[in-house]
Amino acid sequence: MKKVCLAIAILFLLSPAVVLADEFDVVHRYTFDGTTEDVVGGADGTLVNNTGNAAFDTGKLVLGNTGSQSSNANNGDYVDLPNLIISDLGNAATFEAWVTWNGPTTSSWQRIFDFGSSNGGENQSPGAGNAFYIFLTPRSGDDTLRFGNNHPDPAQNETWIQTQTLASGTEQHVAVVWDGANQTATIYVNGVAAISGGGFTYPLSAINDNNNWLGRAQWPDAMFVGNYNEFRIYQTAQSADEIAASFAAGPDAVIPQVRAVNVYPPNHADLISPSAILEWQAPADVTLAGYDVYVSPDSNDLNLQLVSEDQSEATYDLANLPFALLPETEYFWRIDVRDANEGGDLIWT
């Protein structure tokens, strides 16, 4: 039986020219393990502790706000992130947080995040009808978890999507995907898409983001009451599978990445969720005896790790891998095809 290997044609695809890891990575990550350091991008935040009660506790940042502090009075606690980190994203982004909102459940317009500027400019919160900003609130005036943006052309030109108010008193995973190419945004709660909508027409690159805040608003609204376990910013619009995998992995791990550089036919380089099923097209010129599937973090090794031998289906479930995928690691896969009509030595195609 001859084993028809696609390796030579495919291994040309494994050159660094097609490895796009940086494009898909988290660009800013705040773990709050005793600091507001950005452990990925170096854009460290500053904890503003006006109450004197903000504290780091077991890997979380607990703000000292009670619901009475106002963003414009600037008498509460929040995290000030560096200017320009939002406009630098271009027009695709994902904002991801593990947070606990402690209410009060009747309090509206607290901010999980608010990025952009206000009418008063830097470090001012008098209102922002004439400014460009994006925000996420656990409870809006309509009693909903809302993500929105405003652009000053015309003034108070706000677009938003909203879903059920965020549960209070328990940690929640919330992600917002900004898909500028399709002018849509989607809110995910605990790994599941809750609402999606269009009309997000202005690029993030147009934001004058001199007020990038966790816990404070561009308006004179109440400051966030609760704690942050982790906050991340991606410079891509993450897929539903990627959001679900990140939620499952939890706040203390960045999920692995699996890149399909070895599909049949070749010339393919998609990023795949670690919870996905690999699929490939059966070759038309081979009498199939079976497929061998290889997965490895080494893109330059012909002898990638064999994970499934002589299987009949043109799919492989990554859940069946005989080893654990490591965080912050990019993996590659390859398919070898066995031809039932041929015998003798291995022949490279």
Side-chain angles (χ1 to χ4, degrees), residues 26-30 36 38 40-48 50 70-97 109-137 140 146-161 175-187 197-224 228 231-237:
V26 180
V27 291
H28 303 292
R29 183 184 178 200
Y30 304 89
T36 53
D38 176 2
V40 171
D44 297 347
T46 300
L47 173 60
V48 180
N50 285 317
S70 168
S71 294
N72 200 38
N74 195 9
N75 57 356
D77 304 340
Y78 65 100
V79 177
D80 185 18
L81 301 182
N83 297 358
L84 306 180
I85 63 171
I86 306 304
S87 54
D88 282 350
L89 296 171
N91 203 25
T94 300
F95 307 98
E96 181 179 37
W109 303 115
Q110 294 180 32
R111 298 294 202 276
I112 296 174
F113 65 76
D114 198 323
F115 302 141
S117 190
S118 72
N119 293 348
E122 190 162 13
N123 201 33
Q124 302 296 317
S125 302
N130 296 319
F132 189 4
Y133 61 90
I134 60 174
F135 71 93
L136 180 66
T137 178
S140 73
R146 178 185 289 190
F147 170 75
N149 84 310
N150 184 74
H151 195 277
D153 182 21
Q156 199 56 43
N157 181 27
E158 188 169 326
T159 303
W160 68 83
I161 52 175
V176 175
V177 175
W178 177 287
D179 184 352
N182 294 304
Q183 299 184 355
T184 62
T186 304
I187 297 174
F200 295 88
T201 57
Y202 298 98
L204 294 177
S205 58
I207 288 183
N208 177 26
D209 55 325
N210 54 18
N211 292 334
N212 291 330
W213 295 325
L214 304 180
R216 181 181 173 184
Q218 311 293 341
W219 295 78
D221 296 319
M223 303 186 77
F224 185 78
Y228 292 82
F231 185 77
R232 303 176 187 170
I233 301 175
Y234 304 74
Q235 64 178 11
T236 57

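Because the structure is predicted, anything quoted here is derived from the model rather than measured.
A donor-acceptor contact closer than 3.5 angstrom is absent between the side chains of D221 and S71.
Below 30°, between 30° and 60°, or above 60°: for H28 and Y30 the angle between ring planes is below 30°, a parallel geometry.
Residue R111 holds its CZ atom at 12.0 Å from CZ of F224, rounded to the nearest 0.5 Å. The OG1 atom of T159 sits 12.5 Å away from the CD1 atom of I134 when rounded to the nearest 0.5 Å. Atom CZ of F132 and atom CD of Q218 lie 12.0 Å apart (nearest 0.5 Å). Interatomic distance, CD of Q110 versus OG1 of T137, reported as 7.0 Å (0.5 Å rounding).
Residues L204 and N149 are not in side-chain contact: their nearest non-hydrogen atoms beyond the backbone lie 4.5 Å or more apart. Looking at D179 and T186, their side chains never come closer than 4.5 Å, going by heavy atoms from C-beta outward.
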Exercise for the section: Would you please test R146 and W109 for side-chain contact (heavy atoms from CB on, under 4.5 Å) and show each step? Expected result: CA-CA 9 Å; R146 178 185 289 190; W109 303 115; 3.4 Å; yes

Exercise for the section: Test side-chain contact (heavy atoms from CB on, under 4.5 Å) on V79 and Y228 and set out the steps. Expected result: CA-CA 10 Å; V79 177; Y228 292 82; 5.7 Å; no

Practice task
Evaluate side-chain contact (heavy atoms from CB on, under 4.5 Å) for L81 paired with F113, printing each intermediate quantity in order.
Solution key: CA-CA 10 Å; L81 301 182; F113 65 76; over 6 Å; no

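Taking both residues in full, the closest heavy atoms of L89 and V27 are given as CD2-CG2, 4.0 Å, listed atom of the first, atom of the second, then distance. Minimum interatomic distance between N157 and Y202 (heavy atoms only, all atoms of both residues): ND2-OH, 3.3 Å. The minimum heavy-atom distance linking A237 with A92 is given by the pair N-CB, 4.0 Å. Across all non-hydrogen atoms, the minimal contact from P82 to N212 is O-ND2, 2.9 Å. Shown here for G116 and I207, the closest heavy-atom pair between the two residues is CA-CG2, 3.6 Å. Summarising the geometry of V26 relative to V40, their closest heavy-atom pair is O-CG1, 3.1 Å, with the distance given to 0.1 Å.
If you run side-chain hydrogen bond (donor to acceptor under 3.5 Å, both in side chains) between E122 and each of N210, N83, N211, N208, only N83 comes through. Of the residues listed (D114, L214, I112), the one engaging L136 in a side-chain contact (heavy atoms from CB on, under 4.5 Å) is I112, and it is the only one. When the options W178, F115, F147, F135 are evaluated for a ring pair (Phe, Tyr, Trp, His ring centres under 6.0 Å) with F95, the one that passes is F115.
A donor-acceptor pair is defined here as one N or O able to donate and one able to accept, closer than 3.5 Å; no such pair exists between the side chain of S117 and the backbone of D209. Put simply, the side chain of T94 never gets that close to the backbone of Y234: no donor and acceptor are under 3.5 Å apart. Between the side chain of N119 and the backbone N or O of N130, at least one donor-acceptor pair lies under 3.5 Å.
For N123, the side chain to side chain contact (heavy atoms under 4.5 Å, CB included) criterion is met by N74, Y78, W213, R216, not counting sequence neighbours. Under the side chain to side chain contact (heavy atoms under 4.5 Å, CB included) criterion, N72 pairs with S70, S125, P126, P220, not counting sequence neighbours. Partners of N150 by side chain to side chain contact (heavy atoms under 4.5 Å, CB included), not counting sequence neighbours, listed by chain and number: Y133, Q156, E158.
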